[in-house]
Trainee: 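Questions regarding the structure given below will be posed in turn.
All values derive from a computational prediction rather than experimental measurement. Lettering follows sequence order; numbering is per chain, from 1.
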Protein chains: 2
Amino acid sequence: MSDGTTPDAPHPKSRGAARRAMRRGPTIDDVAELAGVSRGTVSRVLNGARYVSPAALKAVERAMRQTGYTVNQSARSLVTKRSDAVAFVLSEPQERLFEDPNFSVLLRACTQALAAHDISLILMLESDEDERDRVLRYVRGGHVDGVLLISAHSGDSLIASLARGDVPTVACGKPAGDIGIPYVAAEDREGARQMTRHLVEQGRKRIGMIGCPQIAGGAERLEGYRDVLGRRALRRLVVDAPSYSHSAGAEAMRRLLATSPDIDAVFAASDSLAAGALTELRRAGRGVPDDVAVGGFDDSRIARETDPALTTIRQPLELVSRNMVDVLLRLIRREPAASRLLPTELVVRESA
Amino acid sequence: MSDGTTPDAPHPKSRGAARRAMRRGPTIDDVAELAGVSRGTVSRVLNGARYVSPAALKAVERAMRQTGYTVNQSARSLVTKRSDAVAFVLSEPQERLFEDPNFSVLLRACTQALAAHDISLILMLESDEDERDRVLRYVRGGHVDGVLLISAHSGDSLIASLARGDVPTVACGKPAGDIGIPYVAAEDREGARQMTRHLVEQGRKRIGMIGCPQIAGGAERLEGYRDVLGRRALRRLVVDAPSYSHSAGAEAMRRLLATSPDIDAVFAASDSLAAGALTELRRAGRGVPDDVAVGGFDDSRIARETDPALTTIRQPLELVSRNMVDVLLRLIRREPAASRLLPTELVVRESA
DNA sequence: CTGAAAGCGCTAACAT
DNA sequence: ATGTTAGCGCTTTCAG
């Protein structure tokens, strides 16, 4: 084989004056010429087609098809100052968030919702200082029209401080510190109430909770649990997990069993935590749900894959995503847009 | 409040001639003026700083800092014809791929590897016809410099037909049909051999396989299994799963137990499949690994979270990602770049 | 080594 | 309704 990289250029004689032979698609002028109209008219067709005669419109459309024209986004952005792209910024202080099954759902749904508006999604990670700076520079450099901010932990947010500036931003989940940026979230507190009520209705008496207050929404879930239980939410029944992970769930369950061996139900603040709890309960020889009922939160994929399958609270993440995009687009258009809270739903399976 | 959108322009008298007051960062000219050099020199500093006197360099750098200058990527792209962005195209015919824990790893690692080169990652989905067209138009519209193609199923690939064109593309996993595009993959076949050998060494006699030949790498894993077992790879010991999912694994295991109740080991072509098999084995009252040993493939997160934890084959996905990016960058620079195969590793845990 | 000048392809006034 | 024109901010010859 000759080389394996690129087929040789198809221009046998291209020598000295080898201009940029690269991607050299048809321009708006080519279309205009072919359609027998001016460049301005073509531009009008491209942008809404108002004030264009049907005849011209048809001619232009045909010419575009014939030439296989595509707008040059750079040229357009240069003048409009819009990029038609938004950043999906993921701050994952502990590398965890990325493994969260919920994250995939958000990412997919946001991508789709944006695609419907012909806006592209640029994924950016912000796990350390350097990356944070990179993101900041990038965002305020005008490379994107707005940002979808996904952060597990609510603290950090140097990003948010930027976001508070002039770049339209919407967060997933209520950011801590009550920064002024709009957010979209599930009704964590009410969701937690639903689960706790369910456990009570099942006749459970000593209901423990594995929480994770430092994660967005975590504090609310804890509050919901307390709302329902009141003083029955004994201090020893509540343990904190450092993150929404399987191992953290197992570890928390171990502590719970140690301090409260008489426990007959556990509400974990996420499905991953619940799955970890399940593993630990089995190890400890407790039957689920007979000895101990287990409730999760999220209704992520893993809720269906544990054994027994998890009873959990469904977060409408597709809806959250669509709302985030909707709010962001309004913000970009300088329209007013408030935060939104979306309802949750109890999903009963085998574990409780 | 006055408006809530944009703080009023700081020009008390700007009236009729209210220019676009939007994002109006410092330009290369502002920097040039402040540094007392020409616009050309600033540009040179921006691009490699060759042929620039130390004095000029310093002045420019100071001016850039003072003004908080950031290049306008659109303006740059307009002339260079590069976008400094690549598309991460995900074809997920069955919505599954996105839930694959491996995918997250790839996405994260690719994003990071690209960020190191100041290239941004644009995520695109290609699950149906419309989206495929969208991706095609987008990619060949010159919006990206190249594409990272992640597809579970190997067939479709109208995308690939584009990729074969002039847009630099690298696939994850060997694409079917032997299209000419370079790819990066793990040594699936050898990995499968490693696992099968391990099971044999454990004294297992009737080793079944849950395969998924239509998924990239799936056929190779099946071959590896057969390489080791030879005629002991009875037909009835091999079942096909429709996808790499938990439920497919459970279902396949059920069939396997039905046709070959005497089975004493199973090698599943992915961890998800193995996890499903585990669930089914427990349901059937078979102990793992005592009655039946179970081997997975991927060493994804779930391998650590099943009970018992999975013995599996580690795919070096971070390495795969970095190599994909490396190959793609070479391709973009029109340098030669061949496909690459990366070694796998046996990870022994509890299930086998 | 550096400045000047010519566009890149497009949109948005501004005239018709 | 349509053509004309002036840039958007940058890189890249081309002269010095």
Trainee: What is the distance from NE2 of B:His143 to P of C:dC10, rounded to the nearest Å?
Mentor: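 Going from NE2 in B:His143 over to P in C:dC10 covers 10 Å.
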
Trainee: Between B:Gln73 (CD) and D:dC8 (P), how many Å, whole number?
Mentor: 19 Å

Trainee: Residues two or more places apart in sequence or in another chain: which of them pass salt bridge (Lys or Arg N to Asp or Glu O under 4.0 Å) with B:Asp29?
Mentor: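 Testing B:Asp29 for salt bridge (Lys or Arg N to Asp or Glu O under 4.0 Å), a comparison that skips the adjacent residues, returns B:Arg39.
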
Trainee: Not counting sequence neighbours, which residues clear side-chain contact (heavy atoms from CB on, under 4.5 Å) with B:Ser339? List them please.
Mentor: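 With sequence neighbours excluded, B:Ser339 shows a side-chain contact (heavy atoms from CB on, under 4.5 Å) to B:Pro182, B:Tyr183, given in chain and number order.
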
Trainee: Can you check the A:Arg82 CZ to C:dC10 C1' distance for me, whole Å?
Mentor: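 The answer, rounded to whole Å, is 12 Å.
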
Trainee: Are B:Asp130 and B:Arg134 close enough for a salt bridge, meaning some N to O gap below 4.0 Å?
Mentor: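 No.
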
Trainee: A:Asn47 has an atom CG; how far is it from atom P of C:dC10, in whole Å?
Mentor: 11 Å

Trainee: Got a sec, which residues hit ring pair (Phe, Tyr, Trp, His ring centres under 6.0 Å) with A:Tyr138, two or more places apart in sequence or on another chain?
Mentor: A:His143

Trainee: Counting only side-chain nitrogens and oxygens, does B:Asn72 get under 4.0 Å of the OP1 or OP2 atom of D:dC8?
Mentor: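 For B:Asn72, the contact criterion (side-chain N or O under 4.0 Å from OP1 or OP2 of D:dC8) is not met.
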
Trainee: Grab the N/O contacts between the protein and nucleotides 2-6 of chain C below 3.5 Å, and write none if there aren't any.
Mentor:
residue, atom, partner, partner atom, Å
C:dT2, OP1, B:Ser53, OG, 2.4
C:dT2, OP2, B:Ser53, N, 2.6
C:dG3, OP2, B:Ser38, N, 2.9
C:dG3, OP2, B:Ser38, OG, 3.1
C:dG3, OP2, B:Thr41, OG1, 2.7
C:dG3, N7, B:Arg44, NH2, 3.2
C:dG3, O6, B:Arg44, NH2, 2.7

Trainee: Over how many whole Å does the gap from B:Leu78 atom CG to D:dG9 atom P extend?
Mentor: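 Value for this atom pair: 12 Å.
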
Trainee: Whole Å only: how far is the NZ atom of A:Lys58 from the P atom of D:dT2?
Mentor: 14 Å

Trainee: Whole-Å distance between C:dG9 C1' and B:Arg76 CZ?
Mentor: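 Whole-Å distance recorded here is 18 Å.
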
Trainee: Using five base pairs at each end to define the local axes, how bent is the helix from C:dC1-D:dG16 to C:dT16-D:dA1, to the nearest 10°?
Mentor: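 Angle reported: 30°, given to the nearest ten degrees.
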
Trainee: B:Arg82: what forms a salt bridge (Lys or Arg N to Asp or Glu O under 4.0 Å) with it, not counting sequence neighbours?
Mentor: B:Asp84

Trainee: Taking only residues two or more places apart in sequence or in another chain, which ones pass salt bridge (Lys or Arg N to Asp or Glu O under 4.0 Å) with A:Glu318?
Mentor: A:Arg314

Trainee: By the side chain to side chain donor-acceptor pair (under 3.5 Å) test, which pairs, at least two apart or in different chains, include something from residues 53-62 of chain A?
Mentor: none

Trainee: Using the side-chain heavy atoms of B:Ala75, tell me which of these nucleotides is nearest: D:dG9, D:dT12, C:dG9.
Mentor: D:dG9

Trainee: Taking 4.0 Å as the cut-off, does a side-chain nitrogen or oxygen of B:Lys81 come that near to OP1 or OP2 on C:dG9?
Mentor: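 Yes, B:Lys81 has a side-chain N/O under 4.0 Å of OP1/OP2 on C:dG9.
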
Trainee: Within this structure, what is the CG-to-C1' distance between A:Asp29 and D:dT4, rounded to whole angstrom?
Mentor: 12 Å

Trainee: Side chains of B:Ser83 and B:Asp145 only: does a donor on one sit below 3.5 Å from an acceptor on the other?
Mentor: yes

Trainee: Would you please name every residue forming a salt bridge (Lys or Arg N to Asp or Glu O under 4.0 Å) with B:Asp128, sequence neighbours left out?
Mentor: none

